[in-house]
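Working notes, beginning with the structure itself.
Only this structure's heavy atoms are used, side chains among them; waters, hydrogens and symmetry mates stay out.
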Amino acid sequence: MNEMLAVKQQLRKHMGQTLGKISREEIISQSECIRDNLMPILEGKQNVACYMSMDTGELDTGNIIESLFEAGKKVYLPRCTHTKLTGHVQLRNDSKNPGNMKDHPHLTFHEMDSHDHVLSLSPKGKYNLKEPDIEDEKLSPLPPMLDAILVPGVAFTSGCSRLGHGAGYYDDFFSRYKLQHSNQLPLLIGIALKQQIVEDIPMDAHDYFLDCILVGDGSIHWRNKPITM
């Protein structure tokens with residue numbers, strides 16, 4: 001195991017212990033604070049990708065999703081799938097066969113018809129997350145045109161670096177999105193409990209910085225603050 005990977009795994013372990021101690025009441029309070037700061041940032045942005053939060057140790061996105069629908073946004077949610085099922089382009093090298101690519105997990109994002117549609121979703125898959133249903137994986141959509149993506153994570157820094165859970169789903173999706181949309185990315189917004197802000201996160205070459213981080217204590221950290229903000 002290389003040194004950077006070891007540091008990331010240790011940080012994930014530490015954050016898991018920290019986040020598991022946060023009360024549900026505090027999570028809801030911080031989540032509402034983030035929602036209130038998020039909506040002005042999304043003004044003029046129509047197509048927004050979010051995610052369904054886990055029941056514990058993570059910011060609650062329920063009220064955020066509801067507010068997106070109330071604001072007339074088109075809401076997209078992710079589904080964990082695999083290139084073997086979707087036939088989408090492989091983006092990871094096969095270490096056992098240098099120079100070749102291999103099948104791997106990835107995300108697809110699906111437009112939700114309504115807030116009621118979101119509430120009807122049931123947990124499924126390896127991570128027991130609430131995800132969009134799809135009858136035929138071969139029909140999984142290529143990355144839709146998005147204006148903003150709300151990005152989860154285990155830890156973040158004020159410099160807009162991010163530590164995920166280690167599966168690489170979001171960094172893979174960002175690369176996949178750029179292939180589909182002329183090397184462009186939507187606004188990448190990390191949303192974090194205040195306990196998830198750390199001093200430093202080691203970044204690999206394939207790791208993406210976010211554009212801003214909204215924190216449950218009311219703070220907003222921009223990597224390159226827009227002139228209009």
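Atom CG in Leu214 sits 10.5 Å away from atom CG in Asp36 (nearest 0.5 Å). Distance check: Lys130 NZ to Asn128 CG gives 10.0 Å after rounding to the nearest 0.5 Å. Rounding to the nearest 0.5 Å places CE of Met15 at 8.5 Å from CG of Leu193. The distance from the NE2 atom of His110 to the CG atom of Leu121 is 11.0 Å, given to the nearest 0.5 Å. Residue Leu77 holds its CG atom at 10.0 Å from CG of Leu150, rounded to the nearest 0.5 Å. Here the CE-SG distance, from Met112 to Cys50, works out to 11.5 Å after rounding to the nearest 0.5 Å.
Between the Thr61 side chain and the Tyr51 main chain, a donor and an acceptor come within less than 3.5 Å of each other. The main-chain N or O of Tyr208 is found under 3.5 Å from a side-chain atom of Asp171 such that the two form a donor-acceptor pair. For His165 (side chain) and Ala167 (main-chain N/O), no donor-acceptor pair under 3.5 Å exists by modelled atom type. Using a distance-only test at 3.5 Å, with no hydrogens or angles considered, a donor-acceptor pair links the side chain of Gln196 to the main chain of Gly153. The backbone N or O of Glu25 lies less than 3.5 Å from no partner atom in the side chain of Ser29, so there is not a single donor-acceptor pair. Using modelled atom types, no side-chain atom of Arg223 and backbone atom of Ile213 make a donor-acceptor pair closer than 3.5 Å. Side-chain N or O atoms of Asp207 include one that pairs as donor or acceptor with a backbone N or O of Asp204 at under 3.5 Å. Counting only distance, with no hydrogens or angles, the side chain of Lys102 and the backbone of Asn100 share no donor-acceptor pair below 3.5 Å. Under a 3.5 Å cut-off, the side chain of Gln46 and the backbone N or O of Gly72 do form a donor-acceptor pair. His14 places no side-chain N or O within 3.5 Å of a backbone atom of Gln9 that could act as its donor or acceptor partner.
Contact between Met203 and Ser161 at its shortest, heavy atoms only, is SD-CB, 3.6 Å. Across all their heavy atoms, Cys160 and Asp211 have their closest contact at SG-O, 3.8 Å. When all heavy atoms of Ala148 and Pro186 are compared, the pair lying nearest together is N-CB, 3.7 Å. Of all the heavy atoms in Thr18 and Ile22, the pair that sits closest is O-CG1, 3.8 Å. Taking both residues in full, the closest heavy atoms of Phe156 and Arg162 are given as CE2-CG, 3.8 Å, listed atom of the first, atom of the second, then distance.
Atom CG of Asn63 sits in a crowded spot, with more than 12 heavy atoms from other residues, nucleotides or ligands closer than 6.0 Å. Around the NZ atom of Lys124, the shell of radius 6.0 Å holds more than 12 heavy atoms that belong to other residues, nucleotides or ligands.
Criterion: ILVMFWY side-chain heavy atoms under 4.5 Å apart, direct or through other members. Under it, Met145 and Leu68 are part of a common hydrophobic cluster. Hydrophobic clustering, with ILVMFWY side chains joined whenever heavy atoms are under 4.5 angstrom apart, keeps Ile201 apart from Met4. A continuous path of Ile, Leu, Val, Met, Phe, Trp and Tyr side chains, each step under 4.5 Å between heavy atoms, connects Ile197 with Leu210, placing both in one hydrophobic cluster. Following chains of ILVMFWY side-chain contacts shorter than 4.5 Å, one can reach Ile191 starting from Leu185, so the two form part of one hydrophobic cluster. Under the 4.5 Å side-chain heavy-atom criterion for grouping Ile, Leu, Val, Met, Phe, Trp and Tyr, Phe109 is not connected to Val89 through any hydrophobic cluster.
Looking at Asp116 and Ser114, their side chains never bring a donor and an acceptor atom within 3.5 Å of each other. In this structure, a donor-acceptor pair under 3.5 Å is present between the side chains of Thr83 and Asp103. Defined by atom type and a distance below 3.5 Å, a donor-acceptor pair is present between the side-chain atoms of Asp94 and Asn97. Of the N and O atoms on the side chains of Thr108 and His106, not one donor lies less than 3.5 Å from an acceptor on the other residue.
Evaluated for a side-chain contact (heavy atoms from CB on, under 4.5 Å) with Ile34, the options Ile220, Ile64, Ile189 yield exactly one hit, Ile64.
Legend: side chain to side chain donor-acceptor pair (under 3.5 Å) pairs involving residues 177-194, not counting sequence neighbours: none detected. Here side chain to side chain donor-acceptor pair (under 3.5 Å) pairs that include residues 64-78, with residues two or more places apart or in two chains, number zero.
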Exercise for the section: Please assess Gln30 against Leu59 for the test side chain to side chain contact (heavy atoms under 4.5 Å, CB included), listing each intermediate value before the final yes or no. Expected result: CA-CA 8 Å; Gln30 291 196 47; Leu59 183 143; 5.7 Å; no
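At a threshold of 4.0 Å, the pair Asp133-Arg79 does not count as salt-bridged, since none of the basic side-chain nitrogens sits closer than that to a carboxylate oxygen.
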